Amino acid sequence: MRPGRVPAAAAVALAATAVLAAGCGNGQSAATTQPTSIGANAQVGQVLLRGVKVTTGVTDTNRDATVRLTLVNQAGQPDALTAVASDVAGKVEMLADASCNQTARIELPAGPSAQYTIRLSDLRIGLVRGGNVPITFTFANAGTITVPTPIGSKATLPAGCAG
């Protein structure tokens, strides 16, 4: 190597470090710009489904799994989640509150968002973290949408809701 020359690999590494350092100068840490959990996002009509995820590890057939999601009703009028279905479950339950009481529909006032819990019971297949399952959501006004829902790690859920 001639004096005063930098090997090509070292030059590339130095340039990459400079680019990364420049990207960090925006006043935001990487932790605040990255999502904290996996989850699917979807929209049907004026209803946003956010962070839809199965919160379980590995499950066997004939077991339960829990789905967590946030719903935002952007319409100027109330709506309701009237049904949830999935081919992977023998039974799907919508849970209305922190006590996990089953309900036939979840009322969605216009505007504010809230987090909800759904239980998939009597699984027909085993669920493995990293995969996904199709879940169909039907709303009174907004319509119906099927969301490919990722399977994540077990999360802290309200008492009695864990799958």
Side-chain angles (χ1 to χ4, degrees), residues 23-24 26-163:
C24 292
N26 63 7
Q28 293 182 329
S29 71
T32 60
T33 60
Q34 298 298 317
T36 57
S37 64
I38 61 170
N41 294 321
Q43 180 173 353
V44 59
Q46 292 297 307
V47 175
L48 304 177
L49 296 88
R50 295 292 180 248
V52 185
K53 60 190 166 282
V54 177
T55 54
T56 187
V58 176
T59 63
D60 296 324
T61 57
N62 299 318
R63 304 272 316 254
D64 295 348
T66 304
V67 177
R68 295 289 285 168
L69 72 152
T70 298
L71 297 174
V72 182
N73 181 4
Q74 295 185 317
Q77 63 185 9
D79 204 337
L81 178 60
T82 59
V84 181
S86 180
D87 292 341
V88 303
K91 181 178 179 184
V92 179
E93 300 170 294
M94 292 185 285
L95 306 174
D97 53 32
S99 299
C100 298
N101 294 320
Q102 185 178 353
T103 184
R105 64 190 278 139
I106 294 175
E107 300 297 328
L108 302 175
S113 66
Q115 193 168 48
Y116 298 95
T117 303
I118 298 180
R119 186 177 4 247
L120 305 176
S121 300
D122 302 325
L123 294 175
R124 295 182 176 121
I125 62 170
L127 303 182
V128 179
R129 181 179 180 193
N132 69 48
V133 296
I135 300 176
T136 302
F137 299 89
T138 302
F139 296 89
N141 300 319
T144 299
I145 188 167
T146 299
V147 179
T149 305
I151 303 166
S153 299
K154 194 164 208 78
T156 303
L157 300 172
C161 289

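Predicted model only: the values in this text are computed from it and were never measured. Here, residue 1 is the first one in the sequence, and each next residue gets the next number.
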Distance in Å, Glu93 CD paired with Leu120 CG, rounded so as to fall on 0.5 Å steps: 9.5 Å
Side-chain donor/acceptor of Arg129 to backbone N/O of Ile151, under 3.5 Å: no
Interatomic distance, Thr138 atom OG1 to Leu81 atom CG [nearest 0.5 angstrom]: 7.5 Å
Flag side-chain contact, heavy atom, 4.5 Å: Leu108 against Phe139: yes
Listed once per pair and sorted, the salt bridge (charged side-chain N to carboxylate O under 4.0 Å, His left out) pairs that draw on residues 140-152, sequence neighbours left out: none
Pairs touching residues 78-88 that satisfy side chain to side chain donor-acceptor pair (under 3.5 Å), sequence neighbours left out: none
Rounded distance (nearest 0.5 Å) linking atom CZ of Arg68 with atom CD1 of Ile118: 10.0 Å
Nearest atoms (heavy-atom pairs only) where Ala65 meets Leu127: CB-CD1, 3.8 Å
Minimum-distance pair of heavy atoms, taken over all atoms of Thr149 and Lys53: CG2-CA, 3.6 Å
Exercise: identify the closest heavy-atom pair between Asp64 and Ser121: OD1-CA, 3.1 Å
Rounded distance [0.5 Å steps], OG1 in Thr70 versus CD in Gln115: 4.5 Å
Spacing of CD belonging to Gln43 relative to CZ belonging to Arg50, to within rounding of 0.5 Å: 6.5 Å
Closest heavy-atom pair and its distance - Gly51, Asn41: N-OD1, 2.9 Å
CZ-OG1 distance between Phe137 and Thr144, expressed to the nearest 0.5 angstrom: 11.5 Å
Shortest non-hydrogen contact between Val47 and Ala142, atoms and distance: CG2-CB, 3.7 Å
Side chain to side chain, Leu71 and Leu48, heavy atoms closer than 4.5 Å: no
Minimum heavy-atom distance Val72-Gly111, with the two atoms named: CG1-O, 3.7 Å
Qualifying salt bridge (charged side-chain N to carboxylate O under 4.0 Å, His left out) pairs, either residue in residues 102-116, two or more places apart: Arg105-Glu107
